[in-house]
2 protein chains.
Amino acid sequence: MFQLRQSDSRNRLLGALAPEDFARLAPALERLPLHLHETLIHAHEPLSHAYFVETGLVSLVAATEGGRIEIGLIGCEGLAGVPLVLGTDRGPFLGIVQGGGEALRVPAGALREAIDASPALRNVLSRYVLSLMIQMGCTVYANAELNVEARLARWILMTHDRLNDGAMPLTHEFMAMMLGVRRTGVTAALYVLTGAGMVRASEGRITVLNRDKLKDLAGDTYGPAEAEYERLLAEA
Amino acid sequence: MFQLRQSDSRNRLLGALAPEDFARLAPALERLPLHLHETLIHAHEPLSHAYFVETGLVSLVAATEGGRIEIGLIGCEGLAGVPLVLGTDRGPFLGIVQGGGEALRVPAGALREAIDASPALRNVLSRYVLSLMIQMGCTVYANAELNVEARLARWILMTHDRLNDGAMPLTHEFMAMMLGVRRTGVTAALYVLTGAGMVRASEGRITVLNRDKLKDLAGDTYGPAEAEYERLLAEA
DNA sequence: TGATAAGGGTACGATTTCGGACACAGCGAT
DNA sequence: ATCGCTGTGTCCGAAATCGTACCCTTATCA
């Protein structure tokens, strides 16, 4: 069994850590695959691990009898298991794998010890939490004020950031659930985005063609969370 | 100049602190009035203080050219200035006083030192941040799935928790802005809530008559954040 | 006392989104 | 070849919400 090196990780948070902080976590990190539609984080159950996402996508989801809505999106820039950073071991939301990939997981106890031991590590993770809060705040705004097209544009941008992949495997059905709209609403909105040259859509795949136009459509709901995240990395 | 005692504060977070943690903050705490419509926290500007709310209401607001939407509500249970808890001095949202009252403010530097010095204090404030995140997550859900009536019911419940006052001074215009709907939409929704015996509304005042019915209407969007908060206090 | 502003009630057509149904194409399995 | 599933496109009436305008009441204050 060998020690994971910092350069072996594609997670941007782990990459931003001071070498000594990475070394603190490294012995406890374990690489594991993220399977599509796997529920990584269960509501109201103790979290055994936090997950530094390497590749793929994890959705933070609020679930009720009435339906499921995505409230947060986590990719290689982030960490699933925020309650562990904030001093408790459970939360009311789900973490569901929406795009297959890999993660490095760390046991709850080891993460807690490392956070308590290192102010710098605490700072990086806390500020990631802040960027996630900002993302959620922008989603609140988007859900209240934006039409389906603009919300979809924002969501595609956010997903694109996290997959930086040409053709993203996204079905209308899936996007409809994430945004809390009808599937046919997504079909219609996507038709508009396609016609405007923003994306290309075919057989369960979305290809981003023009990020600037998508940003124009999403307005101020895309940007603040990303800016805060970059500021975090720049200062870390 | 005398030292503030823990029993002098009506803020529930301050009340939940261990005496030594309160003592750590007390010398830096300064009582000040919250004036209606005052902007306590400005977007993208360094926060000089964090505010433990004693009485009154502070709204966390996302503002764009397109409008303003409330993304979080803070009262005597909480703290305005969350970025300071998370290791930075600014954020993209506004904090606006929506109900006059008082707060105990603490300078950013003093708060940071106290947090770094005390894991227990850190824990209380971090978990408050989590409850605020949960509140925001529920708001995302509510804005995506609930109609105006249910959203209004939820918002009245949350406000009532924080003012525990019979007659809350809330205009239709104001509630409309907070929820991101038309004023007449609030008028109509309020008419329904009144007809169902949930509230009484008159001349800029809302009186809660039946919390259970309001909870039924709000569904699962009211409760999770409050439960997490109570769990925090119980364990602190 | 009268003017003015703020809060609230009502109405109307326009627009968005909903909820559901149906059709069709591609694809894998039997 | 055929069945059945998934993903997609299209259509319809119904409902919610929007945007706007107008009017009334009440409170405040000169």
Side-chain angles (χ1 to χ4, degrees), chain A residues 36-37 64-69 98-100 140-156 159 167-195 199-207 217-219, chain B residues 36-37 65-69 98-100 140-156 159 167-195 199-207 217-219 221:
Chain A
L36 195 59
H37 299 149
T64 71
E65 343 75 41
R68 292 180 161 194
I69 295 288
Q98 306 290 16
V140 169
Y141 185 93
N143 283 356
E145 293 274 281
L146 269 47
N147 61 21
V148 176
E149 284 168 36
R151 302 225 300 276
L152 182 62
R154 172 173 185 257
W155 193 84
I156 288 173
T159 304
M168 307 182 290
L170 304 170
T171 69
H172 295 192
E173 186 81 52
F174 168 60
M175 292 184 277
M177 180 189 292
M178 290 300 97
L179 295 176
V181 299
R182 290 169 315 143
R183 178 188 59 78
T184 56
V186 171
T187 302
L190 216 39
Y191 180 81
V192 174
L193 300 196
T194 303
V199 302
R200 183 167 49 227
S202 69
E203 4 169 340
R205 307 212 152 248
I206 306 276
T207 307
L217 195 51
Chain B
L36 195 58
H37 299 148
E65 341 76 41
R68 292 180 161 194
I69 294 288
Q98 306 290 18
V140 170
Y141 185 93
N143 283 356
E145 293 274 281
L146 268 47
N147 61 21
V148 176
E149 284 168 36
R151 301 224 300 276
L152 182 61
R154 172 172 183 258
W155 193 84
I156 289 174
T159 303
M168 306 183 291
L170 304 171
T171 70
H172 295 193
E173 186 81 52
F174 167 61
M175 292 184 277
M177 181 190 291
M178 289 300 97
L179 295 176
V181 298
R182 289 168 316 143
R183 178 186 59 79
T184 56
V186 171
T187 302
L190 216 39
Y191 180 80
V192 175
L193 300 196
T194 302
V199 301
R200 183 167 49 228
S202 69
E203 5 170 338
R205 310 215 149 244
I206 306 275
T207 307
L217 195 51
T221 59

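Reminder, nothing fancy here: chain letters follow the sequence lines and each chain counts from 1. Computed from a prediction, not measured in an experiment: that's the story for all the values here.
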field: Covered region of DNA chain D, 5' end to 3' end, by chain A [heavy atoms, under 4.0 Å]
entry: D:dG7 to D:dT10
Return the [atom1] to [atom2] distance between [X] and [Y], rounded to the nearest 0.5 Å.
X: A:Met178; Y: A:Ile69; atom1: CE; atom2: CD1; result: 8.0 Å
X: B:Thr159; Y: B:Ile206; atom1: OG1; atom2: CD1; result: 9.5 Å
X: A:Thr184; Y: A:Glu173; atom1: OG1; atom2: CD; result: 10.0 Å

A:Val186 and A:Trp155: CA distance, side-chain angles, deciding distance, side-chain contact (heavy atoms from CB on, under 4.5 Å) verdict: CA-CA 12 Å; A:Val186 171; A:Trp155 193 84; over 6 Å; no
message: Protein within reach of the bases, or only the backbone? For nucleotides 8-13 of chain C, mark each nucleotide 5' to 3' as B, S or -, using heavy atoms under 4.0 Å.
response: BBB---
- prompt: Does CE belonging to A:Met168 count more than 12 external heavy atoms closer than 6.0 Å?
  reply: yes
task: Report the distance from atom CZ of A:Arg151 to atom P of C:dT17, rounded to the nearest whole Å.
output: 8 Å
- prompt: Between B:Met175 and B:Arg183, does a side-chain contact (heavy atoms from CB on, under 4.5 Å) hold up when you go through it step by step?
  reply: CA-CA 8 Å; B:Met175 292 184 277; B:Arg183 178 186 59 79; over 6 Å; no
- request: Could you tell me whether the side chain of B:Arg154 and the main chain of B:Ala142 form a donor-acceptor pair under 3.5 Å?
  value: no
- request: Show your working on side-chain contact (heavy atoms from CB on, under 4.5 Å) between A:Ile156 and A:Leu190 and close with a plain yes or no.
  value: CA-CA 10 Å; A:Ile156 288 173; A:Leu190 216 39; 4.1 Å; yes
